[in-house]
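Keep in mind it's a predicted model, so treat the numbers as computed, not measured. Every heavy atom of this structure was used, including side-chain atoms; hydrogens, water molecules and symmetry mates were not.
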Amino acid sequence: MLWFQGNSMQLAKYSFRLLLRNRSASKTVLPVLTLFTKDPCPLCDEAKEVLEAYKNRFILQEVDITLPENSAWYQRYKFDIPVFHLNGQFLMMHRVDISKLEKQLQKLERQGL
């Protein structure tokens with residue numbers, strides 16, 4: 001499900017620009033993994049450590065939900081961070097689900113995006 005409400009359209013545009021920049025930098029397009037976070041967030045720190053092994057397979061984009069421009073995300077995820085979207089679609093929350101991440105990354109790699 002894609003969520004485009006309020007400032008989330010800006011997030012989508014930013015993600016798209018990252019994809020375009022990445023496409024021009026190399027032949028392979030990497031997906032954008034968006035991490036909705038805040039400071040402090042020990043679970044987010046733990047999740048980033050788990051994701052370190054996969055860092056060459058996606059672009060990690062962090063969104064601080066406490067910033068005023070991200071208030072829609074704050075209302076949605078204030079009790080659920082970390083939350084992850086892959087290419088603008090909800091993927092997982094609370095902890096990194098390696099099998100789900102791997103399955104979605106492989107699917108995108110087979111599709112060429």
#### Entry: Pairwise salt bridge (Lys or Arg N to Asp or Glu O under 4.0 Å) hits with a residue in residues 79-100, at least two apart
E46-R95
### salt bridge (Lys or Arg N to Asp or Glu O under 4.0 Å): pairs with one or both residues in residues 85-94, sequence neighbours excluded
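Matches after skipping sequence neighbours: none remain.
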Are [X] and [Y] packed together at the side-chain level, in the sense that at least one heavy-atom pair is separated by less than 4.5 angstrom?
X   : Y    : value
L60 : E62  : yes
I81 : L43  : no
F84 : L51  : yes
L33 : L105 : no

### Task
Scan for disulfide bond (SG atoms under 2.5 Å apart) pairs involving residues 53-91, sequence neighbours excluded, and state none if there are none.
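The answer is none; no pair qualifies.
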### Message
For residues 32-85, which residue pairs pass the disulfide bond (SG atoms under 2.5 Å apart) check, not counting sequence neighbours?
### Response
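Found C41-C44.
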Listed partners of [X] passing side-chain hydrogen bond (donor to acceptor under 3.5 Å, both in side chains), at least two apart:
X    : answer
E102 : R57, Q106
D64  : T66
K38  : none
E49  : none

### Task
Of all the heavy-atom pairs spanning L35 and P82, show the shortest one and how long it is.
CD1-CB, 3.5 Å
### Query
For the residue pair V63 and W73, what are the closest heavy atoms and their distance?
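Scanning both residues, the minimum pair turns out to be CG1-CD1, 4.5 Å.
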### Query
Could you give the distance from CG (L101) to NZ (K103), rounded to the nearest 0.5 Å?
12.5 Å
### Message
With rounding to the nearest 0.5 angstrom, report the CG to CD distance, N87 to Q104.
### Response
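It is 10.0 Å, given to the nearest 0.5 Å.
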### Query
Parallel, tilted or perpendicular: which describes the rings of Y77 and H85, with under 30° parallel and over 60° perpendicular?
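Rings of Y77 and H85: perpendicular, over 60°.
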### Message
So, using salt bridge (charged side-chain N to carboxylate O under 4.0 Å, His left out) as the criterion, who are the partners of K55 when residues are at least two apart?
### Response
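If we apply the salt bridge (charged side-chain N to carboxylate O under 4.0 Å, His left out) test to K55, skipping adjacent residues, the hits are E52.
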#### Entry: Y74 atom OH: more than 12 heavy-atom contacts under 6.0 Å
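At most 12 heavy atoms, drawn from other residues, nucleotides or ligands, come within 6.0 Å of this atom.
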